[in-house]
Asks: 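Starting off with a structure, shown below.
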Protein chains: 2
Amino acid sequence: MAQLQKSIAKRNALIRATIALVNNNGFHATPMSKIAKMANVSPATIYLYFENKQDLVNKTYIEVKANYTEYAFAEYNEHMSVEEGFENIWKRIADFKLKESENAMFLSQCDNSPIIDEPSLQEGIKHLQPLLDLWERGKKEGIIKPISDYLLYAYAINPLSFLMIAQKRGIIKFNSDQIEEAYQAAWSSIRN
Amino acid sequence: MAQLQKSIAKRNALIRATIALVNNNGFHATPMSKIAKMANVSPATIYLYFENKQDLVNKTYIEVKANYTEYAFAEYNEHMSVEEGFENIWKRIADFKLKESENAMFLSQCDNSPIIDEPSLQEGIKHLQPLLDLWERGKKEGIIKPISDYLLYAYAINPLSFLMIAQKRGIIKFNSDQIEEAYQAAWSSIRN
DNA sequence: CAAATAAAAGTGAACGTTCATTCTTTTTTA
DNA sequence: TAAAAAAGAATGAACGTTCACTTTTATTTG
């Protein structure tokens, strides 16, 4: 008897094709037939791996978001000081957004439009906990301003998305000096 | 001979319907038939006012963007000090994003996805000049950090979009204290 | 100033195309 | 060789746009 033998390679190819095509054309202007073609697969095959188009894009979102946070926290540990921890996480996130800009653009598009359903958006938020914990500690120690996590995120982290889009559009080109400047701006806006 | 008599009211209804429907469903999941229905107009009538669907959404974008900058700079004049001018513009923008959140959401969706064509995006950028001039002045006077306009925009202005989306999703509720906190974070990140 | 006229504004139905999904058949694999 | 995986063709629904027609409006004419 044959076992489930669906190839992880094929699934990955589908996810990558979805990211590339949605980035360039948007969700609804990305037909399943094109995703299939780019992944070297028949359209019908997609339905062996995903329930339907919405499920494909939801799962893609969750997977990319998980990669993002995993990358962000890869070097961080709770024994670091607040300053050290924040700088480390911030620079890892900057790294991700600039180096893996395809993935980051996809997230930014999903977060700013109604293509991902609410449960999947929620699912994506969960993984940010280490950063929230760090901020909590920073507030307790009086190092970080006693303001809401959303305000902190808005000023410390989110501007990176804007800069990433500007870089993608060729408006700016990042070097390490500019990353340092951006980091200083981020830190200024949240430190006490 | 009859003159052009197309009603501005009907055009406005079409623009407003486009904004509302694209906000809720995204560009490609918003059929012309629904836009027509919401504007109380026949589908064919849209084509008397706009060339096609792309033209409709491009023109909507440009119009909303123009409203946004007009609102932002309504009270500003060049005789204000840099601090005064920045605070005024920042708070007008915050006002716009929070009060006219339908319009602001529409802009944020367009700026983060490939639904608007490049010429229309360019067209929308033009109107920001007064802010760039203010920053130039602030840098000359040593009040504002000598960093690029995009970095300044990313940290001072763009976080408001993130906060607006959070407010729309019911995650936070803004009061005047929180707006003041956000303003302080913005100013901290760009002042010298 | 009506009535007549001409042109634009507006419409609902229809067309051709595209798309997500399913169905049927073929290929692969254990 | 049997069952899962994959494929390609088929299907039905939905969409943007156009077409043929009606209504409205403003100008001209008697």
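Below, chains carry the letters A, B, ... as their sequence lines are ordered, and counting in each starts from 1.
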Asks: Whole angstrom is fine here: how far is it from CG in A:L56 over to C1' in C:dC19?
Replies: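 Going from A:L56 (CG) to C:dC19 (C1'), I get 15 Å.
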Asks: Let me know the distance between CD of A:E51 and C1' of C:dA20, rounded to the nearest Å.
Replies: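 Value for this atom pair: 14 Å.
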Asks: I need the full list of salt bridge (charged side-chain N to carboxylate O under 4.0 Å, His left out) pairs touching residues 39-48 of chain B, with sequence neighbours left out, sorted by first then second residue.
Replies: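 Qualifying pairs, neighbours excluded: none.
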Asks: To the nearest Å, how far apart are B:H28 NE2 and D:dC15 C1'?
Replies: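 In whole Å, D:dC15 C1' lies 12 Å from B:H28 NE2.
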Asks: By a strict heavy-atom criterion of less than 4.0 Å, which residues belonging to residues 13-25 of chain A are in contact with DNA chain D?
Replies: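 Per residue number, the list is empty: none.
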Asks: Would you list the protein and nucleotides 20-23 of chain D atom pairs, both N or O, that sit under 3.5 Å from each other?
Replies:
none

Asks: Pairs in or reaching into residues 18-35 of chain A: which pass salt bridge (charged side-chain N to carboxylate O under 4.0 Å, His left out), with residues at least two apart or in two chains?
Replies: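 Every candidate salt bridge (charged side-chain N to carboxylate O under 4.0 Å, His left out) pair involving residues 18-35 of chain A fails, so no pair, neighbours aside, qualifies.
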Asks: Under the salt bridge (charged side-chain N to carboxylate O under 4.0 Å, His left out) rule, what pairs show up with a residue in residues 57-73 of chain B, not counting sequence neighbours?
Replies: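 The answer is B:R11-B:E63, B:D55-B:K59, B:K65-B:D111.
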Asks: Does any pair with a residue in residues 169-180 of chain A pass salt bridge (charged side-chain N to carboxylate O under 4.0 Å, His left out), and if so which ones, sequence neighbours excluded?
Replies: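 Every salt bridge (charged side-chain N to carboxylate O under 4.0 Å, His left out) pair that includes a residue of residues 169-180 of chain A, provided the two are not neighbours, is A:K91-A:E180.
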Asks: From NZ of A:K53 over to P of C:dT18, roughly how many Å is that when rounded to an integer?
Replies: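 Rounded to whole Å, this separation is 15 Å.
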Asks: Indicate yes or no for a side-chain donor-acceptor contact from B:T60 to the backbone of B:L56 under 3.5 Å, with no hydrogens or angles considered.
Replies: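 Yes; judged by distance alone, with no hydrogens or angles, the pair exists.
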Asks: Check the distance between C:dG12's C1' and B:I46's CD1 and give it to me in whole angstrom.
Replies: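 So the CD1-C1' distance, B:I46 to C:dG12, works out to 14 Å.
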Asks: Using whole Å, what does the distance between atom P of nucleotide C:dT21 and atom CG of A:D55 come to?
Replies: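 After rounding, the gap between these two atoms is 10 Å.
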Asks: Donor-acceptor pairs under 3.5 Å, side chain of residues 72-84 of chain A to any protein atom, not counting sequence neighbours: which ones?
Replies:
{"from": "A:E75", "atom 1": "OE1", "to": "A:N88", "atom 2": "ND2", "distance (Å)": "3.0"}
{"from": "A:E75", "atom 1": "OE2", "to": "A:R92", "atom 2": "NH1", "distance (Å)": "3.4"}
{"from": "A:Y76", "atom 1": "OH", "to": "A:R137", "atom 2": "NH2", "distance (Å)": "3.4"}
{"from": "A:N77", "atom 1": "OD1", "to": "A:H79", "atom 2": "N", "distance (Å)": "2.7"}
{"from": "A:S81", "atom 1": "OG", "to": "A:E84", "atom 2": "N", "distance (Å)": "3.1"}
{"from": "A:E84", "atom 1": "OE1", "to": "A:S81", "atom 2": "N", "distance (Å)": "3.4"}

Asks: Could you tell me how far apart B:L48 (CG) and D:dT17 (C1') are, to the nearest whole angstrom?
Replies: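 Between C1' of D:dT17 and CG of B:L48: 12 Å.
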Asks: Extract all donor-acceptor atom pairs below 3.5 Å that involve side chains of residues 152-164 of chain B and protein atoms in other chains or at least two apart in sequence.
Replies:
{"from": "B:Y153", "atom 1": "OH", "to": "B:Y68", "atom 2": "OH", "distance (Å)": "3.3"}
{"from": "B:Y155", "atom 1": "OH", "to": "A:A182", "atom 2": "O", "distance (Å)": "3.2"}
{"from": "B:S161", "atom 1": "OG", "to": "B:K97", "atom 2": "NZ", "distance (Å)": "2.6"}

Asks: Please enumerate all residues that pass side-chain hydrogen bond (donor to acceptor under 3.5 Å, both in side chains) together with A:D133, with sequence neighbours excluded.
Replies: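 A:Q129.
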Asks: Please list, by residue number, the residues of residues 31-44 of chain B whose heavy atoms come closer than 4.0 Å to an atom of DNA chain C; answer none if no residue qualifies.
Replies: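 The stretch gives B:V41, B:S42, B:A44 as the residues lying under 4.0 Å from the strand, ordered by number.
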Asks: Can you see if the side chain of B:K10 gets near the phosphate of C:dA9 - specifically, an N or O under 4.0 Å from OP1 or OP2?
Replies: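 It does not, given that no N or O in the side chain of B:K10 lies less than 4.0 Å from OP1 or OP2 of C:dA9.
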Asks: Do A:N58 and A:D117 get their side chains close enough for a donor-acceptor pair, meaning under 3.5 Å?
Replies: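 Yes.
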Asks: Using atom OH of A:Y47 as one end and atom C1' of D:dG8 as the other, report the distance to the nearest whole Å.
Replies: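 About 14 Å, once rounded to whole Å.
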Asks: Tell me every residue that passes side-chain hydrogen bond (donor to acceptor under 3.5 Å, both in side chains) with A:Y71, counting only those two or more places apart in sequence or in another chain.
Replies: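 Counting only residues at least two positions away or on another chain, A:Y71 forms a side-chain hydrogen bond (donor to acceptor under 3.5 Å, both in side chains) with A:D95.
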Asks: Not counting sequence neighbours, list each pair that qualifies as a ring-ring contact (aromatic ring centres under 6.0 Å, His included) and has a residue in residues 105-139 of chain A.
Replies: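 Applying ring-ring contact (aromatic ring centres under 6.0 Å, His included) to every pair that reaches into residues 105-139 of chain A, excluding sequence neighbours, yields nothing.
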